[in-house]
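Here the structure is laid out as structure tokens; the discussion comes afterwards.
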Amino acid sequence: MMKWRHSISWVGLIAVACLACSFGCSQEEDGWAGGDASTEQVSLSDGDTSTPTPSPAPAPANSTVSIPSTPGQVMTVGSGTDPDVAVDSQGHLHLVYVRDGVTWYTEYDYATGSTIVPEMVVGGGDDPQIALDSNDRAHVAFGNVFYSHRSGSGFSTPVSLVSGKGKPRIAVDSMNRVYVVGMRSTVPRNLLFVFENNNLIVNGIVVGDNDMGGIDVDSYGRAHICWRSGRSLYYTSYRVGEDTGGVSDRSVLISGTASDFSDIAVDHRDGSLHVTHTHSFGGGIDYIHRNGAGAWGTDFNYAADHCLDGADAIQPTTAVDASGFQYVVFTGNQMVPKYYVVGQDGSSIAVPCGDIDASRKSGGKKQNPNVASRPNMNGAYVAWGMGAVYVRSLGNISFAN
């Protein structure tokens, strides 16, 4: 998922990615445990009552940009599982991961293979997600559900937001406001919390009915969110100071063949949106695009069409680079991390499905690889691992001045 969310000048080129798919099973998750959070409950409207049907993906298109199909060198960062990664303004990697039930943080220089900030404890809990603000300060959501940020030589005391079910999601806007989405045990489950200058200014408004997908924020400070209910995937948005109450008037049905997992990323060049999600009943991984004018396109079944290897495709995450290429990563067959790259037009494959690393496995369900880029960065970085934490570049990494 996109790990830096500020408006910035863009530069051209690069990408990479690949994916594998057609999952063997995708179980819907029920039986949530946990407490409650005070919030206004609303009856969410489906909006569009039609049921979009994914189309077979178009054939790979010839690209005018040379995109390497081989990832960069694999680097071992530390010991742990379920890592997430973000890229700062210097090109350094900020990682969070789990070891012995505790979320840890470190800062790493991929180019030199050296640790910049030795690992430190964020707090007790798993399923960590990380985002950076304009000062390269790390913000972390983890557990069920806590939020903490870099403070001095360590991390702030974790704030408990809601007792429910991970995995939380996090994003930061151009005003350095922090958006955290967590899930409680009762429907509607998905709650949004917003911090500004370390103060909680939005306290648990409803932004979805069931399984949380992803969140990203555009250059205008509008949060874009995807989530699942039943076999349907929905999109909604929220802007601080403009939207209040629930989100029933902004919930849009974008797929009628969804399963548990989804993610969303903003292309900061034009504000277009890119959503990837698991297909219902083990049908692979789908991709749908909303252009800068706000029109949703076709729900393409990319993974099943391009990677028929019988993989149990789990928890895709996505990021968009400076040239508009969309990197999608996920756990495939036998827990092999996979990736592919969607072209700049959102309707072609730039790099077909392939392994990130066949010998270094990802985790099981929810312990997926995570991908990150920046609005001024070409290429992406992916983090994964169970036992050891690995990172690898996708594409030719470069930055705008």
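- When only modelled atom types and interatomic distance are considered, T318 and D263 share no side-chain donor-acceptor pair under 3.5 Å.
- Counting only N and O atoms by type, the side chains of S148 and S156 include a donor and acceptor under 3.5 Å apart.
- Partners of N135 according to the side chain to side chain contact (heavy atoms under 4.5 Å, CB included) rule, which considers only residues two or more places apart in sequence or in another chain, are D133, N176.
- Classified by interplanar angle (parallel below 30°, tilted 30° to 60°, perpendicular above 60°), the ring pair H289/Y287 is parallel.
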Q | Residues R290, V275; criterion side chain to side chain contact (heavy atoms under 4.5 Å, CB included); working and verdict | A | CA-CA 8 Å; R290 195 189 80 171; V275 178; over 6 Å; no

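- Between L253 and Y234, some side-chain heavy-atom pair lies under the 4.5 Å cut-off.
- Between D299 and H277 there is a side-chain heavy-atom pair separated by less than 4.5 Å.
- The only option from T236, V207, I225, V206 that meets the side chain to side chain contact (heavy atoms under 4.5 Å, CB included) definition with S251 turns out to be T236.
- Judged by distance alone, the side chain of R137 and the main-chain N or O of H149 form no donor-acceptor pair under 3.5 Å.
- The side-chain hydrogen bond (donor to acceptor under 3.5 Å, both in side chains) check on R99 picks up S79, E119, with sequence neighbours excluded.
- In this structure, the side chain to side chain contact (heavy atoms under 4.5 Å, CB included) partners of T81, at least two apart in sequence or on a different chain, are V98, Q367, M386.
- Inspection of the R228 and N210 side chains reveals no N or O donor paired with an N or O acceptor under 3.5 Å.
- N197 contributes no side-chain N or O that, together with a main-chain N or O of N199, makes up a donor-acceptor pair within less than 3.5 Å.
- Contact check on D173 versus R177 returns a salt bridge, with a Lys/Arg side-chain nitrogen under 4.0 Å from an Asp/Glu carboxylate oxygen.
- Checking side-chain atoms of S373 against main-chain N and O of G379 turns up a donor-acceptor pair under 3.5 Å.
- Residues passing the ring pair (Phe, Tyr, Trp, His ring centres under 6.0 Å) test with Y105, sequence neighbours excluded: H94, F155.
- Of the charged side-chain nitrogens involved, at least one lies within less than 4.0 Å of a carboxylate oxygen, so that R222 and D243 count as a salt-bridged pair.
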Q. When you look at Y108 and V85, which way does the side chain to side chain contact (heavy atoms under 4.5 Å, CB included) test go after all the steps?
A. CA-CA 10 Å; Y108 186 79; V85 60; over 6 Å; no

Q. After noting the C-alpha distance and the side-chain angles of F193 and V162, does the key distance pass the side chain to side chain contact (heavy atoms under 4.5 Å, CB included) rule?
A. CA-CA 10 Å; F193 304 83; V162 57; 4.2 Å; yes

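- Checked against side chain to side chain contact (heavy atoms under 4.5 Å, CB included), P337 has the following partners two or more places apart in sequence or in another chain: I356, S362, P369, W384.
- Shown here are the side chain to side chain contact (heavy atoms under 4.5 Å, CB included) partners of A223, two or more places apart in sequence or in another chain: Y179, I215, V217.
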